[in-house]
Amino acid sequence: MLNYRQLHYFWVVAKTGSIVRACEQLNLTPQTISGQISLLEDTYGLPLFRRVGRQLELTETGRQVLPYAEQIFQLGNDLQSMLRMAPKEQQILFRVGVADVVPKSIVYRLIAPTMELDKPIRITCREDKLDRLLADLAIQRLDLVISDSPMPSHLDIKGLSQKLGECGISFFATATLARNYGENFPHCLNGAPLLIPGPETVIRSRLLRWLAEQKIQPRIVGEFDDSALMQAFGQSGIGVFIAPSVIAQEVMRQFDVELIGQTEAVTESFYAITVERKSRHPGIVAITEGARRELFTPASD
DNA sequence: ATTTATACGGTCCCGCCAGG
DNA sequence: CCTGGCGGGACCGTATAAAT
């Protein structure tokens, strides 16, 4: 059994950088701490510190051990401060996973309503590929996943998809690019360099189908799974890129690009995926209600 | 430049004490 | 009684400054 007391002393010494400073923090004498750390080292036969002059320095093993200790005791500290708080002030942990396909400012606008809850909330936001997020959702390491597609049916995970809303898409280009391809939308896109979302996205096939229907053949110069990456390339003037129309103003301002056209024929939808649970997380409620209230054209289902 | 004094950080040995 | 954790005091090696 791992001796957490010894590990704790190790952690404090490693963090403060010396036994003496650890003593002040722990209200112990150097012998005690030194002795306990030695015992820990002996248990596994691996030195954690190297004596360099008068200082202590972490060994390679010590450096490997430290992040574990860090997690263990940081979590412990979080637990304590949570318990010490009055029940009314206790923060609600809200862990959100965001598929990297989803544009950042959409994410922000979706999550923003949770900040206005009367209970203090602490949001953890992680961005990743959808399947990995869903895996974490399944083992309850996430409360909610925001994605551009509903819960895939082929996965054997219990999940509840809720459509947050949908909207048309807008095309953007830098001023230089817009001079050449900015007239007579959407036919100006013919031959225009275009950045498109990657094969994992839903919007991609809708976009390509629409372009084909319009008999428009752009020159596809890049594919991106990550919307932020696509915008960054778009900002540099490599090609025309798209974003949901609801954030058109923000995109133009943020990336200093011009709007060359909008269409409602291609829509992008956003979904909140949760695990089925009796008690609904207040953050989830805030997001779904907030999305209905202000963000998109009302969702049909 | 070398020696000496002092301070500092860590370790070793030993005895104490509480809990099983 | 044994064990784990603790502190007191002695001790060692090193850094820094002062004296020679």
Side-chain angles (χ1 to χ4, degrees), chain A residues 1-98 111 114-115 117-128 132-145 157-158 274-284:
Chain A
M1 175 63 181
L2 177 65
N3 187 322
Y4 285 94
R5 173 180 252 102
Q6 292 168 355
L7 188 67
H8 185 227
Y9 295 169
F10 161 79
W11 177 59
V12 177
V13 171
K15 268 205 328 169
T16 58
S18 86
I19 291 189
V20 170
R21 268 178 299 218
C23 289
E24 292 161 8
Q25 201 169 317
L26 295 166
N27 284 319
L28 293 169
T29 55
Q31 315 88 290
T32 300
I33 292 174
S34 170
Q36 291 302 312
I37 289 176
S38 297
L39 284 173
L40 180 62
E41 290 176 325
D42 292 347
T43 307
Y44 299 99
L46 296 165
L48 301 169
F49 289 106
R50 209 188 348 263
R51 281 70 190 164
V52 177
R54 292 202 294 216
Q55 304 294 111
L56 288 185
E57 192 175 272
L58 283 169
T59 60
E60 190 48 45
T61 315
R63 273 199 291 276
Q64 288 173 345
V65 171
L66 186 56
Y68 286 92
E70 187 72 42
Q71 265 199 312
I72 290 169
F73 296 111
Q74 194 50 56
L75 197 62
N77 284 345
D78 288 354
L79 173 62
Q80 282 192 69
S81 54
M82 187 271 288
L83 289 172
R84 270 198 271 271
M85 265 188 261
K88 263 207 108 167
E89 295 163 14
Q90 278 180 14
Q91 280 189 322
I92 306 166
L93 193 57
F94 189 33
R95 301 156 303 177
V96 182
V98 180
I111 293 181
T114 61
M115 309 290 192
L117 291 170
D118 19 325
K119 277 197 145 198
I121 197 159
R122 175 162 168 182
I123 294 170
T124 321
C125 218
R126 214 188 85 214
E127 194 185 46
D128 211 330
R132 276 194 240 156
L133 294 174
L134 292 176
D136 275 354
L137 184 68
I139 57 171
Q140 309 230 346
R141 267 166 64 169
L142 288 174
D143 299 305
L144 173 75
V145 171
I157 300 171
K158 259 192 278 178
T274 52
V275 282
E276 287 170 293
R277 235 183 300 174
K278 278 176 196 160
S279 65
R280 293 250 282 151
H281 195 291
I284 296 172

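Order of the sequence lines fixes the chain letters, A, B, ..., with proteins taken first and strands second; residue numbering starts at 1 for each chain.
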Using the ring of each side chain (for Trp, its six-membered ring), is A:H8 parallel, tilted or perpendicular to A:F73, with breaks at 30° and 60°? tilted

A:R95/A:D136 ion pair, N-O < 4.0 Å: no

Does A:Q36 get its side chain close enough to the base of C:dG5, under 3.5 Å, for a donor-acceptor pair? no

Assign A:S18 to base, sugar-phosphate, or nothing according to its heavy-atom contacts below 4.0 angstrom with the strands shown. sugar-phosphate

Which nucleotide of DNA chain B is the first, and which the last, in the 5' to 3' direction, to come under 4.0 Å of a heavy atom belonging to chain A? B:dA7 to B:dC12

State, yes or no, whether a side-chain contact exists between A:W11 and A:V65 at a heavy-atom distance under 4.5 Å. no

The ring pair (Phe, Tyr, Trp, His ring centres under 6.0 Å) partners of A:Y9 (sequence neighbours excluded) come to none

For A:I33, report the nucleic acid contact type (base, sugar-phosphate, nothing); a contact means any heavy atom under 4.0 Å. nothing

Given A:E60, A:E41, A:E57, the one that forms salt bridge (charged side-chain N to carboxylate O under 4.0 Å, His left out) with A:R50: A:E57

Identify whether any heavy atom of A:L56 sits under 4.0 Å from a base atom; if not, whether one sits that close to sugar-phosphate; answer base, sugar-phosphate or nothing. sugar-phosphate

Give the rounded distance in Å between these two atoms: CG of A:L40 and P of C:dG4. 14 Å

A:Y4 OH - C:dG4 C1' separation (whole Å): 18 Å

Just N and O in the side chain of A:R5: are any of them under 4.0 Å from OP1 or OP2 of C:dC6? yes

N/O (side chain, A:T32) to phosphate O (OP1/OP2, C:dG5) under 4.0 Å: no

Distance, rounded to the nearest Å, where A:L28 contributes CG and C:dG8 contributes P: 11 Å

Which residues share a salt bridge (charged side-chain N to carboxylate O under 4.0 Å, His left out) with A:E70, sequence neighbours left out: none

Between A:Y9 and C:dC6, is there a side-chain N or O to OP1/OP2 distance below 4.0 Å? yes

